Protein chains: 2
Amino acid sequence: MAATGTTTELGTRERLVRTASRLMQHGGYENTPVKQLVREAGATLGSLYHFFPGGKQELAVAAIHFGDEEFAALLRAGLTAHPDPAEAVEAVTGLLAEALEASDWLDGCPVTATALETVGRLPDLQAACARAFANWQELVAAKLLASGYPEEEARDLAITVVNTLEGAEMTSQVTRSRTPLLVAGRHLARLVASYRP
Amino acid sequence: MAATGTTTELGTRERLVRTASRLMQHGGYENTPVKQLVREAGATLGSLYHFFPGGKQELAVAAIHFGDEEFAALLRAGLTAHPDPAEAVEAVTGLLAEALEASDWLDGCPVTATALETVGRLPDLQAACARAFANWQELVAAKLLASGYPEEEARDLAITVVNTLEGAEMTSQVTRSRTPLLVAGRHLARLVASYRP
DNA sequence: CGCTGGATAGAGCGTTCGTTCTAGTCATTC
DNA sequence: GAATGACTAGAACGAACGCTCTATCCAGCG
């Protein structure tokens with residue numbers, strides 16, 4: 001190899017995190033056996049417990065953070081696509097619908113499934129999921145604030161925007177249809193516009 | 001016992017279904033071991049496989065249907081509380097927030113967790129979950145239609161109302177706060193009112 | 001009374017789970 | 001070229017999983 005100073009392709013640790021994020025996106029935490037995980041990541045059990053002494057749970061927290069950032073990137077892409085926040089939010093639903101259908105309705109929200117099954121069971125994971133939701137709300141709120149929305153209305157709208165995206169993404173996934181997401185886009189745009197300063 | 005002709009308290013089958021619904025509401029399908037299930041239901045493995053030859057999966061489908069009806073009852077209660085659909089929807093979020101906090105943030109939507117973890121894995125369960133969502137949408141749509149909303153707008157609004165309720169319920173659960181649900185109530189009321197015929 | 005069949009009861013099956021453990025590889029450093 | 005330490009490799013373990021199986025109970029009936 002030429003450049004041995006940096007990672008040539010992707011380090012084992014990174015492959016583990018990304019694979020865990022993808023598998024947990026599909027089936028959540030308990031439905032993701034570590035052996036399948038390391039196999040698909042092209043790693044071994046030894047590597048997993050080398051990088052994550054806390055085991056599956058520590059890896060899962062890292063995977064949730066990765067999914068958090070991944071979703072945030074898509075959110076940023078949609079939000080910056082239009083200056084107007086209402087149009088921007090609707091653009092996000094379009095991006096989500098596209099990505100979801102392209103994955104044969106499998107790649108839903110990378111956090112939701114894990115969030116629901118860890119409530120009251122695995123506090124570390126639940127906290128990581130809560131942080132992700134807060135992070136996404138913050139992105140939406142920033143867009144609204146930058147457009148002149150008053151502080152309180154911006155914060156509240158951001159909560160509902162993210163929640164509706166989550167709910168619509170789930171329903172689109174279960175029913176294998178773009179409709180819930182696209183309808184959510186229209187309604188959120190109308191709602192956001194109705195508060196326009 | 002006096003009346004031996006009918007079930008004295010609750011039949012074993014019914015206890016299994018209700019217990020399964022409650023446990024799946026908390027942790028989903030895979031997080032609900034059959035042995036814990038029969039123990040909490042006051043039943044045994046023999047009874048489970050007597051009433052549900054299809055095993056855990058068949059019981060889970062029955063449990064989803066039960067949760068479907070249970071949530072539908074709460075939805076009906078909220079929707080009939082006010083003649084105006086906008087106020088009615090907001091009433092629903094109040095009921096949900098109350099029930100959720102009373103359960104120490106554990107009794108979320110009885111279907112969502114299972115829906116997400118069975119996508120693309122257990123078609124029978126996924127179908128049962130999809131049916132529940134459609135059922136709830138139908139209830140909201142009926143309320144809007146009865147209030148004179150045009151057919152298409154009523155259907156689309158019903159989709160978003162249910163999706164937003166789902167998303168807000170999940171976020172309220174994970175963050176242990178009424179806020180997401182109550183904010184969703186205000187926003188949904190505003191959205192529904194904005195379409196008032 | 002004995003027979004019958006729905007319902008109950010739980011020990012035990014084979015499998016899979018997350019984790020541990022020992023052995024090994026390989027680039028880097030003295 | 002021996003030593004070092006980060007990393008790889010996978011066999012093996014105890015626990016827990018869903019499910020099967022045989023035995024038993026008991027109300028209804030001739």
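If you're wondering where the values come from, they're calculated on a predicted model, not measured in any experiment. Chain naming here is simple, since letters A, B, ... match the order of the sequence lines and numbering starts at 1 in each. What's counted below: heavy atoms across the whole structure, side chains too, no hydrogens, waters or symmetry copies.
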(request) Please state whether the rings of A/Phe71 and A/Trp136 are parallel, tilted or perpendicular, taking 30° and 60° as the class boundaries. (result) tilted
(message) Can you tell me how far apart CG (A/Leu181) and CG (A/Leu165) are? Round to the nearest 0.5 Å.
(response) 7.5 Å
Tell me the interatomic distance from [X], atom [atom1], to [N], atom [atom2], rounded to whole angstroms.
| X | N | atom1 | atom2 | answer |
| --- | --- | --- | --- | --- |
| B/Arg13 | C/dG6 | CZ | P | 16 Å |
| B/Lys35 | D/dA15 | NZ | P | 14 Å |
| A/Arg39 | C/dT16 | CZ | P | 11 Å |
| B/Leu45 | D/dC21 | CG | P | 14 Å |
| A/Leu48 | C/dC17 | CG | C1' | 14 Å |
| A/Phe52 | C/dT20 | CZ | C1' | 18 Å |
| A/Gln36 | D/dG10 | CD | C1' | 18 Å |

(message) What residues from residues 54-67 of chain A pass a heavy-atom cutoff of under 4.0 Å to DNA chain C?
(response)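 Listed by number, they are A/Gly55, A/Lys56.
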(request) Tell me which residues in residues 16-34 of chain A put a heavy atom below 4.0 Å from DNA chain C, sorted by number, or none. (result)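 Correct list: A/Thr32, A/Pro33, A/Val34.
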(message) Can you tell me which nucleotide in D/dC7, C/dG10, C/dA7 comes closest to the side chain of B/His50?
(response)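 Within the option list, the nearest is C/dA7.
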(message) Of the options C/dG18, D/dA9, C/dT8, whose atoms approach the side-chain atoms of A/Thr44 most closely?
(response) D/dA9
(message) Is there a side-chain contact between B/Ser47 and the phosphate of C/dT8, meaning an N or O under 4.0 Å from OP1 or OP2?
(response) yes
(message) Does D/dT8 have its OP1 or OP2 closer than 4.0 Å to a side-chain nitrogen or oxygen of A/Thr12?
(response)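 Affirmative; the distance criterion is met.
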Student check: side-chain heavy atoms of [X] and [Y] closer than 4.5 Å:
| X | Y | value |
| --- | --- | --- |
| A/His187 | A/Val183 | yes |
| A/Leu157 | A/Val140 | no |
| A/His65 | A/Val17 | no |
| A/Thr44 | A/Tyr49 | no |

(request) Keeping the roles fixed (side chain from B/Gln137, backbone from B/Ile159), state whether a donor-acceptor pair exists under 3.5 Å. (result)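 Checking the backbone N and O of B/Ile159 against the side chain of B/Gln137, no donor-acceptor pair under 3.5 Å is found.
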(request) Looking at every strand, decide which applies to B/Tyr49 at a 4.0 Å heavy-atom threshold: base, sugar-phosphate, or nothing. (result)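 The residue B/Tyr49 makes base contact.
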(message) Taking the basic N atoms (NZ, or NE/NH1/NH2) and the acidic carboxylate oxygens, is any pair closer than 4.0 Å for A/Arg176 and A/Asp104?
(response)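 The answer is yes: the pair qualifies as a salt bridge.
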(request) Could you pull out all residues at least two apart from A/Glu166 that satisfy side chain to side chain donor-acceptor pair (under 3.5 Å)? (result) A/Thr112
